[in-house]
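Here's the structure we're looking at; comments come further down.
Every chain is numbered from 1 and lettered A, B, ... according to where its sequence line falls, protein lines coming before strand lines.
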Amino acid sequence: MKLIIKVLELCKSYGKTLALDKFSLDIPAGCIYGLLGPNGAGKTTLIGVLSGLIKKYSGQVRVSDKTDFSEIKKLIGLMPQDSSFYNNMSSFEHLKFFARLQGLTKSNAVIEAYRVMKLTGLDGVAKKNVGSLSHGMRKRLGIAQAILGRPKIVILDEPTNGLDPKIAKTIRDLIKQLKAENTTILFSSHNLYEVEELADFVAIMHKGRLLKKGSVLELKKSKSAEITIVGLKKELLNSIRIKPYIETVSLVDNTLLVSFKKKDETNKLLELLINHDVVISKIKKGDSLEDIYVNIVGEEI
Amino acid sequence: MICCKSFFKEISIILFQDFKQSVKNWKIILIILLYLAALFGSLMLVDKVEAELNKQEVKDSKQLYDSYGAGVQEFEETEFENHNLLLEAQDKYGSLHVLVPLIIGFVILPFIILFVGFDIVSADRFTNSLRHLVSRINRLPIIIGKFISLNLVLFFTTIIFYIISNLYLKFKLDLVIPVKELIHPFVFLILYSAALLSIVTLASTLTKKPFSSLALGVLFLIVSIWILSFDKISFLSVFANFKILFNESLNVKLLNLLRLFLISIVCFAVACFKFERMDV
């Protein structure tokens with residue numbers, strides 16, 4: 001599989017806080033790659049580094065075998081997290097302006113602006129000032145400007161955040177359509193179902209570190225379980241942690257979040273808990289991305 | 001060559017866009033109108049003062065004539081003397097119609113530029129709209145385009161002032177100021193505003209919040225005034241050599257213009273350096 005983005009040992013700090021801690025990631029061409037993580041995980045920082053917004057960092061970034069950001073920028077279309085525009089300009093004027101910056105001639109910029117407006121459903125509000133657009137429309141405008149000039153890579157920072165389900169779906173459909181046109185898409189999200197639906201690959205981040213990465217199918221193969229219990233002592237939790245069949249275990253609000261190394265060993269674990277007089281009220285065998293995410297990030301927290 | 005071409009193309013796109021935005025921006029329009037009003041006000045004031053002085057001179061001369069019973073010859077001599085004094089003053093300091101608006105411009109331009117340009121970079125940074133630009137093109141064309149665009153706004157304002165004021169003088173007072181006499185004040189105002197704008201731009205690149213950049217801009221201008229009190233370094237201040245406006249040789253005036261030009265270049269270069277390296 002051909003890699004289009006290669007990130008090696010990225011480090012970035014804000015004062016004493018490490019936003020990226022020796023972060024490495026490879027992104028294959030033509031796929032949809034989801035970045036998952038709680039707030040402050042470093043997703044936006046990573047996107048900032050990849051798109052040239054952040055300058056002070058250490059490590060290597062290689063995009064389509066290029067390391068010079070003046071060349072990399074030509075390959076990337078970015079929709080930043082809080083897309084803000086000039087309120088007294090219309091959507092069309094915005095898109096034409098950005099298309100001109102992309103290097104298009106005046107007439108081609110107009111054609112391109114109309115193409116992306118149609119694609120994102122903005123053609124109805126072409127002449128409306130951005131200041132009067134709804135949140136959803138602004139998000140669409142953000143995506144529209146990101147896909148201007150058909151970039152090889154589109155980076156979307158929380159593209160559906162704060163949108164109603166209907167608009168969120170149209171944006172997800174648009175992302176799928178972009179993938180069909182062989183565009184590589186990197187996006188960050190808090191919405192696990194969305195990542196599960198869209199992404200081919202996922203990277204789970206926390207506190208600037210990469211906790212887990214791989215294809216969604218691969219990740220979902222790892223066995224996990226959620227067991228709601230009462231009366232678990234700390235010593236027992238520690239002894240569970242070092243069992244050979246346990247990969248990770250954490251206790252969040254009386255719920256034991258467990259992932260197993262090779263196969264589902266829930267029964268073995270239940271036996272152990274019962275033997276130690278732990279009251280079990282609910283068992284849920286999980287294999288959704290949410291379970292995996294909660295397991296991995298939950299342990300870190 | 002291609003790289004150079006795209007660099008200038010990017011500058012021109014940003015410049016044109018920002019210029020259009022400035023012309024649409026009511027805040028900038030209002031400040032520019034106030035600036036023009038102040039300059040025209042000073043011009044009107046010169047007319048009024050000159051008219052009053054002339055009236056007083058005639059009155060004084062008449063009083064002399066009546067009180068001491070001197071002859072018509074004495075009255076004419078007095079008038080001749082006054083006229084000569086006025087001509088001498090005009091020779092020494094240049095036309096008051098040129099000089100007074102220049103002084104007013106010198107005094108109020110720092111305020112005008114501070115309010116027009118304090119958020120030249122920080123506003124876009126604060127609202128995150130800068131991210132769209134920075135992710136698309138190199139940073140240098142962005143700041144150069146924005147800087148030139150505001151300079152152009154001030155350049156056209158100065159041109160408008162000189163055209164309208166000359167038409168006013170020509171048709172109201174039948175007074176024509178030679179172009180030669182207008183060149184220095186015109187170039188001075190342009191370079192002075194460019195130097196001030198470069199200082200304000202530098203302040204705007206140093207902070208993210210527009211209010212902080214306004215405060216920093218004020219601080220920089222206060223420091224510029226403060227360093228005037230040190231003889232050895234006073235030439236570094238944008239406000240130095242005020243008296244050159246009144247009466248100096250051409251060489252000294254040119255050196256002063258060059259000094260302003262260098263201040264603009266240095267401050268703007270530092271602003272570009274900072275803008276190139278900052279996280280957006």
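No side-chain donor-acceptor contact under 3.5 Å links B:Asp124 and B:His132.
Among the candidates B:Asp119, B:Ile112, B:Ile113, the single residue satisfying the side-chain contact (heavy atoms from CB on, under 4.5 Å) test with B:Val116 is B:Ile112.
Figure legend: A:Lys118 and A:Tyr114 shown without cation-pi pairing, the cationic atom not lying both under 6.0 angstrom from the six-membered ring centre and within 45 degrees of its axis.
Shown here is B:Phe220, whose CZ atom has more than 12 heavy atoms of other residues, nucleotides or ligands within 6.0 Å. Atom CG of A:Asp65 has 12 or fewer heavy atoms from other residues, nucleotides or ligands within 6.0 Å. Annotation for A:Gln60: atom CD does not count as buried by contact number, only 12 or fewer foreign heavy atoms lying within 6.0 Å.
If you measure heavy-atom distances from B:Asn25 to chain A, you find no contacts under 4.5 Å at all.
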Check: So A:Val61 and A:Leu50, side chain to side chain contact (heavy atoms under 4.5 Å, CB included) or not? Walk me through it.
Finding: CA-CA 7 Å; A:Val61 175; A:Leu50 286 175; 3.8 Å; yes
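Of all residues spanning residues 86-105 of chain A, those with a heavy atom less than 4.5 Å away from chain B's heavy atoms are A:Tyr86, A:Asn88, A:Met89, A:Glu93, A:Phe97, A:Phe98, A:Arg100, A:Leu101, A:Gln102, A:Gly103, A:Leu104, arranged by number.
Most heavy-atom pairs under 4.5 Å with chain A, from the set B:Glu276, B:Glu10, B:Arg139: that is B:Arg139. In terms of heavy-atom pairs under 4.5 Å with chain A, the best-connected choice from B:Lys9, B:Gln21, B:Met278 is B:Gln21.
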